[in-house]
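In what follows, a structure is listed as structure tokens, so that the remarks can point back to it.
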Amino acid sequence: MTILDKIIAFKKTEVAKIKAEVPVKKLVESPNFKNSSFSLKKSLLQVGSTGIIAEFKRQSPSKGIINDKATVVEVTEGYLDANVAAQSILTDTSFFGGSMADLLEARTVNQVKPILRKDFIVDGFQIVEAKAIGADVVLLIAACLTKQELKNYGQLASDLGLEVLYEVHTQEDLDKINDLDNKIIGINNRNLKTFEVDLEHSIKLAGQIPDTALKVSESGISDPRIITGLKEHGFQGFLIGENFMKTENPGEACKEFISQIR
């Protein structure tokens with residue numbers, strides 16, 4: 001059983017429990033539900049966009065604790081000051097030490113840039129939940145979902161006014177996504193089964209994605225020069241978490257990194 005299998009099995013049980021306790025009606029009545037979303041696509045394509053989607057991440061299954069000192073508010077303020085294109089918040093508790101409260105808190109500070117709810121979505125309920133906690137974008141990981149689920153959840157997100165970042169790691173993942181045209185496709189440089197990082201792999205896969213889709217490179221980006229190389233292969237978004245979070249001041253580290261992108 002891979003780490004991913006373990007996470008998904010756990011997540012399904014966890015979501016079933018929450019669904020039994022929280023009626024959808026309650027989510028729909030939450031204040032954030034009425035808010036219109038900020039567009040990740042627009043933010044990444046904007047002239048002069050840094051393209052950086054900076055992540056708030058306390059821990060991971062492969063690295064353990066990354067940063068348990070920095071607060072969501074401090075980091076969010078720092079990222080906004082660094083002029084990120086968007087923010088990503090991990091809301092998985094058991095494996096990544098995040099929570100939905102983190103995203104709610106980030107939203108109170110960040111009212112100008114899109115926020116991605118980074119989690120393992122296995123049920124449409126979590127998409128409604130994402131809207132209720134103030135997210136603008138949800139992550140759908142192709143490796144965890146069937147072709148039909150990707151289509152249904154993508155449609156549900158769209159109906160709720162949310163955008164989707166479709167995450168792939170293999171050609172097989174890519175084949176599951178119905179019509180790549182105009183979609184935001186994230187290529188995870190990290191293999192979720194082994195947690196190994198391989199940027200070359202992403203570049204190869206990027207060649208299979210049409211130019212009408214928006215390409216995002218995720219994980220393992222630790223040097224501003226890597227961004228330059230990835231841009232040459234058509235990437236317009238770059239999701240970076242650990243590289244900033246492992247420092248004492250993630251916002252400052254992000255600002256310094258962005259200042260070096262050529």
Going only through I, L, V, M, F, W and Y residues with side-chain contacts under 4.5 Å, is there a path from [X] to [Y]?
X	Y	value
F38	I127	no
L156	V28	yes
Y153	F125	yes
L160	V24	yes
L139	V197	no

For [X] versus [Y], what's the shortest heavy-atom pair and its separation?
X	Y	result
V109	L80	O-CD1, 4.0 Å
K57	S60	CE-CB, 3.8 Å
P114	V137	CB-CG2, 4.4 Å
R190	S219	NH1-OG, 3.5 Å
V122	L145	CA-CD2, 4.3 Å
V138	L116	C-CD1, 3.7 Å

Taking everything shown except [X] itself, do over 12 heavy atoms lie less than 6.0 Å from its [atom1]?
X	atom1	answer
D211	CG	no
K26	NZ	no
K151	NZ	no

Exercise for the section: Could you name each residue pair satisfying side-chain hydrogen bond (donor to acceptor under 3.5 Å, both in side chains) that touches residues 231-249, not counting sequence neighbours? Expected result: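 Checked against side-chain hydrogen bond (donor to acceptor under 3.5 Å, both in side chains) - neighbours excluded - the pairs reaching residues 231-249 are K63-E242.
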Handout entry: Residue pairs, two or more places apart or on separate chains, that pass side-chain hydrogen bond (donor to acceptor under 3.5 Å, both in side chains) and touch residues 74-86
Key =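 Matches after skipping sequence neighbours: T76-Q87, D81-K255, N83-K113.
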Exercise for the section: Sequence neighbours left out, what pairs pass ring-ring contact (aromatic ring centres under 6.0 Å, His included) with at least one residue falling in residues 198-231? Expected result: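 Checked against ring-ring contact (aromatic ring centres under 6.0 Å, His included) - neighbours excluded - the pairs reaching residues 198-231 are H169-H201.
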Note, [X] side chain near [Y] side chain (heavy atom, < 4.5 Å):
X	Y	result
E218	L165	yes
I240	I227	yes
E129	I18	yes
L40	I53	yes
S37	K131	yes
V164	S158	no
I221	N189	yes
M245	V75	yes

Exercise for the section: For F257, check ring pair (Phe, Tyr, Trp, His ring centres under 6.0 Å) against everything at least two apart and list the hits. Expected result: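 Residues passing ring pair (Phe, Tyr, Trp, His ring centres under 6.0 Å) with F257: F244.
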Exercise for the section: With sequence neighbours left out, write down each residue that passes ring pair (Phe, Tyr, Trp, His ring centres under 6.0 Å) with F10, or none if nothing qualifies. Expected result: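 Residues passing ring pair (Phe, Tyr, Trp, His ring centres under 6.0 Å) with F10: F95.
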Handout entry: Candidate pair F33 and V128, rule side-chain contact (heavy atoms from CB on, under 4.5 Å), full reasoning
Key = CA-CA 9 Å; F33 221 86; V128 183; 3.8 Å; yes
If you measure from [atom1] on [X] to [atom2] on [Y], what distance do you get to the nearest 0.5 Å?
X	Y	atom1	atom2	answer
L180	K183	CG	NZ	7.0 Å
I177	I185	CD1	CD1	4.0 Å
T71	N67	OG1	CG	9.5 Å
T2	I7	OG1	CD1	8.0 Å
I8	I121	CD1	CD1	10.5 Å
R117	L90	CZ	CG	10.5 Å

Exercise for the section: Report yes or no: do D181 and T212 form a side-chain donor-acceptor pair below 3.5 Å? Expected result: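 Side chains of D181 and T212: pair found under 3.5 Å.
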Problem - side-chain contact (heavy atoms from CB on, under 4.5 Å) between I141 and N188, worked out - result: CA-CA 10 Å; I141 305 172; N188 196 342; over 6 Å; no
Exercise for the section: Tell me, with the steps shown, if N182 and K41 meet side-chain contact (heavy atoms from CB on, under 4.5 Å). Expected result: CA-CA 9 Å; N182 287 319; K41 193 177 277 183; 3.9 Å; yes
Practice task
Could you tell me whether a side-chain N or O of T91 sits under 3.5 Å from a main-chain N or O of S99, the two making a donor and an acceptor?
Solution key: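 Checking the backbone N and O of S99 against the side chain of T91, no donor-acceptor pair under 3.5 Å is found.
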Exercise for the section: Using a strict cut-off of less than 4.0 Å between a Lys/Arg side-chain nitrogen and an Asp/Glu carboxylate oxygen, indicate whether E55 and K118 qualify as a salt bridge. Expected result: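 Yes, E55 and K118 are salt-bridged.
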Problem - Ion pair K25/E29, N-O distance below 4.0 Å - result: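 Salt bridge flag = yes for E29 with K25.
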Problem - I187: which of I209, L199, L174, I203 passes side-chain contact (heavy atoms from CB on, under 4.5 Å) - result: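 Of I209, L199, L174, I203, side-chain contact (heavy atoms from CB on, under 4.5 Å) with I187 is met by I209 alone.
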Exercise for the section: May I have the step-by-step check of side-chain contact (heavy atoms from CB on, under 4.5 Å) for Q171 and L205, ending in yes or no? Expected result: CA-CA 7 Å; Q171 183 64 50; L205 196 57; 3.9 Å; yes
Handout entry: Residue pairs fulfilling salt bridge (Lys or Arg N to Asp or Glu O under 4.0 Å) with at least one residue in residues 89-111, sequence neighbours excluded
Key =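 Matches after skipping sequence neighbours: K11-D92, R58-D102, R107-D136.
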